[in-house]
Amino acid sequence: MRNLIEKPVNTLFLGTDWESVETLKALHQDPRFTIVGVITTIDKPVGRKQIMTPSKVKEYALHSGIEVFHTEKNLDRYQMALDIFKPELIVCKAFGEIVPEFFLNYPIYKAINVHFSKLPKYRGAVPIQKAILEGDKETGISIMIMSAGLDEGDVLKIIKEPILEKDTNQTLRERLVNISAKELGNILDDWINEKITPVKQDSSKATYCWQKDISKENAEIKWNDMEPEYIERLVRAMIPWPVAWCKLDMNTENIYSGKILKLFEVELFKNTSELKPGTLYHKDNMLLLSTKNKDISLRVLQLQIEGKNKISERDFLNGFER
RNA sequence: CGCGGGGUAGAGCAGUGGCAGCUCGUCAGGCUCAUAACCUGAAGGCCGUUGGUUCGAAUCCAACCCCCGCAA
């Protein structure tokens with residue numbers, strides 16, 4: 001037994017974006033853990049003006065007086081990090097680099113990863129988006145021991161979470177981040193005190209998802225191929241990036257002809273329409289898009305036209321075909 | 001100087017040389033059991049900025065600022 005309050009665990013944190021920060025913050029504020037340092041990606045050019053910007057994790061760490069280290073995918077630098085920080089535990093959330101095995105095996109309490117799916121389902125980079133796209137009713141958080149393979153390590157705990165009808169990649173992610181930030185400390189405590197037995201994954205049941213599945217290219221709506229139900233899920237999965245989109249028909253007379261339309265929020269709407277799939281029309285103060293299913297349209301609640309700001313259905317209709 | 005779209009009332013949009021418009025919202029009043037309903041009325045603009053052309057510019061020309069999409 002180890003009383004972590006009396007003897008906090010020297011922990012090294014790996015992460016990059018805002019969701020990593022929430023996890024890092026939870027551990028940093030937890031007296032049972034001492035964050036000896038964080039490893040994150042180097043500053044990158046961001047936005048239209050390509051301003052060099054540190055990762056969110058780096059920002060938080062510098063602000064909180066935590067030492068920051070960049071490994072830059074360099075094996076020597078991973079070794080250097082171990083020499084400097086001598087971690088008893090490594091915690092990883094959304095780091096984005098392949099981590100060498102010797103690094104993972106160094107800490108006595110192993111390297112622990114937080115993954116947003118019920119492993120072995122959806123191993124890989126975009127499990128939340130994949131679960132929404134597939135129309136799953138439930139997903140989860142897997143706390144697992146990192147191994148050389150992609151999300152193949154033994155699982156300490158799975159926390160289940162329902163996927164709500166209106167959940168987007170963003171709303172669901174926020175919920176999972178909050179839950180995992182809240183629970184992680186206790187789970188790690190139990191793990192360190194040997195109250196948890198790691199469970200091997202049944203690799204025969206493994207499924208995978210890849211970053212390239214969530215791309216601008218894959219966010220394009222193919223009106224003649226996709227069912228309305230799928231498009232609705234696509235819209236929710238692509239929030240906040242890259243956002244489901246399509247090119248509006250060139251033949252229409254209005255000013256939006258040929259422009260890119262981005263869909264931020266849609267819902268299925270029962271209405272019979274003979275219009276060509278992907279045509280914008282309005283009825284009873286509602287903005288609708290026809291689909292390949294003549295009896296189901298998509299009601300558009302939040303949208304953005306190329307060159308314009310993101311607006312609501314109501315705002316759009318105020319200026320549409322008047 | 002990467003490519004392109006745009007800046008007109010609080011919001012969304014018309015308006016290509018001749019009095020500043022539409023829909024929504026806001027405010028006041030009316031109608032209704034009721035309303036994101038309907039009726040009546042009102043307020044609200046340096047038409048992104050600066051200069052130029054013209055009898056006259058939101059509109060044509062030049063420069064600049066800002067917003068957005070694409071690309072990276």
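Naming: A, B, ... by sequence-line order, numbering from 1 per chain.
A:Tyr256 places its OH atom 6 Å from the P atom of B:rA14, with the value rounded to the nearest Å. Whole-Å rounding puts the A:His282 NE2 to B:rG12 P distance at 19 Å. Per the geometry, NZ belonging to A:Lys216 stands 9 Å off P belonging to B:rG69, to the nearest Å. Rounding to whole angstrom units, CG of residue A:Asn318 and C1' of B:rC22 are separated by 10 Å. For the pair A:Asp315 CG and B:rC68 P, the computed distance is 17 Å after rounding to whole Å. Distance, A:Leu263 CG to B:rG69 C1': 15 Å, rounded to whole Å. Computed from coordinates, the A:Glu220 CD to B:rG69 P distance equals 18 Å when rounded to whole Å. Distance CZ (A:Arg299) to C1' (B:rA36): 10 Å, rounded to an integer number of Å.
The gap from the C1' atom of B:rC46 to that of B:rA42 amounts to 23 Å, rounded to the nearest Å. B:rA9 and B:rU23: their P atoms are spaced 16 Å apart (whole Å). Comparing the C1' positions of B:rG45 and B:rG15 gives a spacing of 15 Å, expressed to the nearest Å. Across B:rG29 and B:rG21, the matching C1' atoms stand 26 Å from one another, rounded to whole Å. B:rG6 and B:rC60 have their P atoms separated by 12 Å, given to the nearest Å. B:rA34 and B:rA58 have their C1' atoms separated by 44 Å, given to the nearest Å. Taking atom P on both B:rG12 and B:rC68, the two are 13 Å apart, rounded to the nearest angstrom. Annotation: B:rG41 and B:rC24 have their P atoms spaced 14 Å apart (nearest Å).
Contact check for A:Cys209 versus A:Tyr122: side-chain heavy atoms found under the 4.5 Å cut-off. Between A:Glu274 and A:Lys294, the closest side-chain pair of non-hydrogen atoms falls below 4.5 Å. Residues A:Leu104 and A:Ser147 fail the side-chain proximity criterion, which asks for heavy atoms closer than 4.5 Å.
A salt bridge links A:Asp43 with A:Lys58: at least one charged nitrogen is closer than 4.0 Å to a carboxylate oxygen. Salt-bridge annotation for A:Asp17 and A:Lys56: absent, with no side-chain N of the basic residue lying under 4.0 Å from a carboxylate O of the acidic one.
Phosphate contact (OP1/OP2 of B:rG69, side-chain N/O of A:Gln304, threshold under 4.0 Å): present. Contact check, A:Arg314 against B:rA36: no side-chain N or O comes under 4.0 Å of OP1 or OP2.
For B:rU54, there is no paired base (Watson-Crick or G-U wobble, both distances below 3.5 Å). Base-pair partner of B:rU49: B:rA63 (Watson-Crick or G-U wobble, both distances under 3.5 Å). Summarising the base pairing, B:rU35 is matched to no nucleotide, lacking a Watson-Crick or G-U wobble pair whose two defining distances lie under 3.5 Å. If you check B:rG69 for Watson-Crick or wobble pairing at under 3.5 angstrom, you find it paired to B:rC3. The base-pairing partner of B:rC22, taking Watson-Crick or G-U wobble contacts with both distances under 3.5 Å, is B:rG12.
A:His28 and A:Tyr60 have perpendicular rings, their planes meeting at more than 60° on a 0 to 90° scale where under 30° would count as parallel. Classification of the A:Phe320-A:Phe316 ring pair by plane angle, with boundaries at 30° and 60°, yields tilted.
Checking B:rA11, B:rA36, B:rG69 against the side-chain heavy atoms of A:Ile260 singles out B:rG69 as nearest.
Within 4.0 Å (heavy atoms only), A:Lys310 reaches no atom of the nucleic acid at all.
Residue A:Asp136 is tested with A:Arg233, A:Arg236, A:Lys121, A:Lys130 for a salt bridge (Lys or Arg N to Asp or Glu O under 4.0 Å); the sole match is A:Lys121.
Heavy atoms only, all atoms of each residue included: A:Leu156 and A:Ile196 are closest at O-CG2, 3.5 Å.
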Set out, line by line, the N/O atom pairs under 3.5 Å between protein and nucleotides 5-10 of chain B.
unit_1 : atom_1 : unit_2   : atom_2 : d
B:rG5  : N2     : A:Gly307 : O      : 3.0

